[in-house]
K.L.:
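Mind looking over this structure? Questions follow.
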Amino acid sequence: MQTFRNLSYRTILNLRRPDEGSDEEGVQVRALGMNYVNIPIRGATIAPDQLGEFTAALTDSANYPMLVHCASANRVGAMFYLHRVIHEKADNATALSEGRAIGLKPTLEPALTKYLKDHQP
């Protein structure tokens, strides 16, 4: 985390759960004077309020530069995909391609399709 502080990052957004070390990371990040946002995502279980919190952090220019991470980038790719489709109105193919480039794995894609079906107006 010191490296990110030295590079002038303002915010770390972590999608890992407490059992994956997010609590310890939060202590480190705050001790370095950076903002810490933790949205603990469990696999394909993404709640609308979690996506809302992700979007709020992502669209707040005061958070930049910002590092967004999880353990494998799968959840990061998933959240960016949903954000792009729902909040930025990107077409599905483009957002899916971007999500995959970030780290979205095919195993999570059916759950995201269901999320969109259940949560889009």
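It should be emphasised that the depicted structure is a prediction, and the values quoted were computed from it without experimental measurement.
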K.L.:
Taking all non-hydrogen atoms of both residues, which atom of Leu13 and which atom of Ala57 are closest, and how far apart?
P.N.:
CD1-CB, 3.6 Å
K.L.:
Any side-chain to backbone donor/acceptor pair from Tyr81 onto Val76? Under 3.5 Å, distance only.
P.N.:
no
K.L.:
What distance do Ile46 atom CD1 and Phe54 atom CZ have between them, rounded to the nearest 0.5 Å?
P.N.:
9.5 Å
K.L.:
Check each of Glu25, Glu20, Arg75 against Asn14 using the side chain to side chain donor-acceptor pair (under 3.5 Å) test, and report the only one that passes.
P.N.:
Glu25
K.L.:
Other hydrophobic cluster members with Leu7, side-chain heavy atoms of Ile/Leu/Val/Met/Phe/Trp/Tyr under 4.5 Å, chained?
P.N.:
Met1, Phe4, Tyr9, Ile12, Val29, Leu32, Met34, Tyr36, Leu67
K.L.:
How about Leu58 and Phe80: do any of their side-chain heavy atoms sit closer than 4.5 Å?
P.N.:
yes
K.L.:
Would you compute the distance between atom CG of Asp60 and atom OG1 of Thr55 and round it to the nearest 0.5 angstrom?
P.N.:
12.0 Å
K.L.:
For Ala73 and Ile102, work out which heavy atoms get closest and say how close.
P.N.:
CB-O, 3.3 Å
K.L.:
Could you measure the distance from the CD atom of Glu98 to the CG atom of Leu96? Nearest 0.5 Å is fine.
P.N.:
9.5 Å
K.L.:
Drop me the distance from Lys105's NZ to Thr107's OG1, to the nearest 0.5 angstrom.
P.N.:
8.0 Å
K.L.:
Using atom types as modelled and distance alone, determine if a side-chain donor or acceptor of His87 lies under 3.5 Å from a backbone N or O of His83.
P.N.:
no
K.L.:
Just wondering, more than 12 heavy atoms not from Lys114 lying within 6.0 Å of its NZ?
P.N.:
no
K.L.:
For Asn74, what residues pass the side-chain hydrogen bond (donor to acceptor under 3.5 Å, both in side chains) criterion, not counting sequence neighbours?
P.N.:
none
K.L.:
Quick one: CG on Leu116 to CG on Leu112, what's the gap to the nearest 0.5 Å?
P.N.:
7.0 Å
K.L.:
Nearest heavy-atom pair of Arg16 and Asn38: which atoms, and what distance?
P.N.:
O-ND2, 2.8 Å
K.L.:
Give the minimum heavy-atom separation between Glu53 and Val37, together with the two atoms involved.
P.N.:
OE2-CG1, 4.0 Å
K.L.:
Looking at Tyr64, is its backbone amide N or carbonyl O close enough to the side chain of Thr11 to form a donor-acceptor pair, meaning the two atoms are under 3.5 Å apart?
P.N.:
no
K.L.:
Is it true that a side-chain atom of Ser97 and a backbone atom of Ala93 form a donor plus acceptor pair closer than 3.5 Å?
P.N.:
no
K.L.:
Distance check, rounded to the nearest 0.5 Å: Leu15 atom CG versus Ser72 atom OG?
P.N.:
10.0 Å
K.L.:
Using a 4.5 Å cut-off on heavy atoms from C-beta on, say whether the side chain of His119 contacts that of Leu82.
P.N.:
no
K.L.:
Take atom NZ in Lys117; do more than 12 heavy atoms of anything else shown fall under 6.0 Å from it?
P.N.:
no
